[in-house]
Each structure stands twice: as C-alpha cells, then as structure tokens.
Amino acid sequence: AQGFETETMSILRQIACLFLAGIPSIRGWELQRLPDVSEGNQNSVAVGDLNGDGMGDFIFCGGDDQNPHQPYALVNVGFYEDGTAEFSEPLHFGESGVFNKCDISYLPLSQEYVVLLAGPSQAILWSVSVENCRNGDPKSCSVSSSRVWRDLDADQENACSFLPLEEEGLEELKNPALVFASDGRVAVFEANDNGSYPESPTFSRHSEQPATVLAPGAI
C-alpha cells in the first residue's frame, strides 16, 4: 500500500508540474511520465526557467534520514509533434541531503539563476548554470553549480520562497529576499546592497501556526 501511495503521489505531482509550467503536455488527459531517478522519494518540486529560454524547467528535491537525496533538474528541450514536452536527462547538482522544499529564481545583480533548498537542519542557495541544450536532444544539456549562501542555523524548515522586493520609485536592481517558514517561525533574509545575503535574518517572527505552504505575499 505504501508503494502504491508513493507512486500515486509522484504521478499527481508530475501532473501538477506540467500544468504549472504552462506546457501543453497533456492532451485528452493523457499522462506524460517524467524521469524519476529518486524512485518516488521526492518532497518538493519547483517550476521555473533555468536557462533563459522561456520554457518551464523542473527542480526536484527530497530525501530522508536513511536516504539523502541529491537535487536534480529536468530542462525543457522542446516539444514532440503530439504536443508533449521533451526534457533533458536528470541533471544533478549541489550536495546530497534532506530537503523539504525548493524554489527557483533569478538574481538580477549577479545575473544568475539560483535554486533555494530548505531542510530539517540547513538552508542552501545554489547558483545553477545549464548550458549547451539543443532542441530535441535530451543528452545535450550540461549543468554546473556553486554554493552562494548557507544557513546552518535553520531548524526544521518546512517551506521556502523567493520574495521580490518592489518599492515605488526604486530604480536600482535588487535581489529577491529569501523567506523560510517552520512550525512556529518565519524568517526573512533581505539581500545586501551588493546582492549577497546576511548570516542572520533581517526579520523573524514566531507563531503557533504550523507552516506547510509559503507563497509570496503570505507574510
């Protein structure tokens, strides 16, 4: 029963991903199965553009104490004639660990795509570079990554998100804030003027409400 439940959740997660990415992958409610190298051991998926081509890419993260998980990306490399999307082979990046949530964004000051990961004992921001993708060639993409920021004081982070900072009359580019939520705590790390992120949160608040979902504007 547990195996059936895991597979069912994986399928539902994939269907949601395809709709969120705005990809015409399901016609007549036919399921498009995505590569799954973690055997269903996924806690979260994020949808965004990792290489600037305007098409939705996926980031998967997960793992548990017995089976750490290395995050990986599936990059959209085009469409088949029937309208289903074609993706790259799984592109692993970063380090293995246990991660509850992930998110994708772009840092305008450093002009790089980044992935935010949050887990039970750490939160990490990775710069992820996807290159050499050719239309219709799943094996053409290459990926490299470097750690931009890490919070080792994170405690049971259940959710994370990028929060764009928009101020009226502000003309200078500004990197989005990093927002984390756990049961009883919300923490916000605003970027410094040079685009880097501080070691301690700019703002934090404690609450008795459990944090399971976090979206921009939720605070």
**Asked** Can you tell if the side chain of I104 reaches within under 4.5 Å of the side chain of V47, non-hydrogen atoms only?
**Response** no

**Prompt:** Between the side chain of E86 and the main-chain N/O of N76, is any donor-acceptor distance below 3.5 Å?
**Reply:** no

**Message:** If you take the centroid of each ring, where Trp contributes its six-membered ring, are Y72 and F60 closer together than 6.0 Å?
**Reply:** yes

**Asked** Can you get from V143 to L74 by hopping between Ile, Leu, Val, Met, Phe, Trp and Tyr side chains that sit under 4.5 Å apart?
**Response** no

**Asked** More than 12 foreign heavy atoms under 6.0 Å from CG of N194: is that the case here?
**Response** yes

**Prompt:** Taking it one step at a time, do F93 and Q70 satisfy side chain to side chain contact (heavy atoms under 4.5 Å, CB included)?
**Reply:** CA-CA 7 Å; F93 65 91; Q70 186 177 14; 5.7 Å; no

**Asked** What about L116 and Y197, same hydrophobic cluster or not, with Ile/Leu/Val/Met/Phe/Trp/Tyr joined at side-chain heavy-atom distances under 4.5 Å?
**Response** yes

**Asked** Are C102 and C61 close enough that their SG atoms are less than 2.5 Å apart?
**Response** no

**Message:** Pair E112, S127 - check side chain to side chain donor-acceptor pair (under 3.5 Å), show working.
**Reply:** CA-CA 7 Å; E112 57 186 334; S127 172; 2.7 Å; yes

**Message:** Ignoring hydrogens, what is the shortest heavy-atom contact between F189 and S200? Give both atom names and the distance.
**Reply:** CE2-C, 3.4 Å

**Request:** May I ask you to test the L117-P71 pair for a side-chain heavy-atom distance under 4.5 Å?
**Result:** yes

**Message:** Closer than 3.5 angstrom, by distance alone: can the side chain of S88 be matched with the main-chain N or O of V75 as a donor-acceptor pair?
**Reply:** yes

**Straight-line distance of S96 OG to H69 NE2, nearest 0.5 Å** = 8.5 Å

**Asked** According to the interplanar angle, ranging from 0 to 90°, do the rings of Y113 and Y106 count as parallel (below 30°), tilted (30 to 60°) or perpendicular (above 60°)?
**Response** tilted

**Donor-acceptor contact present, side-chain N100 to main-chain A118, <3.5 Å** = no

**Message:** According to a hydrophobic-cluster definition based on side-chain heavy atoms being under 4.5 Å apart (Ile, Leu, Val, Met, Phe, Trp, Tyr only), do V130 and V115 belong together?
**Reply:** yes

**Request:** Over all heavy atoms of both residues, which pair between N51 and C133 is shortest? Give the atoms and the distance, please.
**Result:** ND2-SG, 4.1 Å

**Main-chain N/O of G195 paired with N175 side-chain donor or acceptor, under 3.5 Å** = yes

**Item:** same_hphob_cluster(F79, V77) at 4.5 Å side-chain heavy-atom cutoff
**Value:** no

**Prompt:** Quick one: are I124 and R147 in side-chain contact, heavy atoms under 4.5 Å?
**Reply:** yes

**Request:** Mind listing the closest non-hydrogen atom pair of E190 and P198 along with its distance?
**Result:** O-CD, 3.2 Å

**Prompt:** Side chains of N132 and S140: is there a donor and an acceptor less than 3.5 Å apart?
**Reply:** no

**Asked** More than 12 heavy atoms of other residues, nucleotides or ligands under 6.0 Å from CD of E131: is that the case?
**Response** yes

**Prompt:** When you measure from the side chain of D49 to the backbone N and O of G56, does any donor-acceptor pair fall under 3.5 Å?
**Reply:** no

**Message:** Between R150 and E95, does any side-chain N to carboxylate O distance fall below 4.0 Å?
**Reply:** yes

**Message:** Quick one, L109 and L107 - any side-chain contact, counting heavy atoms below 4.5 Å?
**Reply:** no

**CG on L178 to CG on D151, rounded to 0.5 Å** = 9.5 Å

**Message:** Do F58 and V128 land in one hydrophobic cluster if side-chain heavy atoms of ILVMFWY residues count as linked below 4.5 Å?
**Reply:** no

**Fill in**
When every non-hydrogen atom of P138 is compared with those of G136, the smallest separation belongs to CD-O, 3.5 Å

**Nearest heavy-atom neighbours spanning Y80 and A85** = CE1-O, 3.8 Å

**Asked** Any side-chain heavy-atom pair from V45 and I59 closer than 4.5 angstrom?
**Response** no

**Short side-chain to backbone donor-acceptor contact, S145 and W126, under 3.5 Å** = no

**Request:** Identify the heavy atoms of L50 and A73 that sit nearest to each other, and give their distance.
**Result:** CD1-CB, 3.7 Å

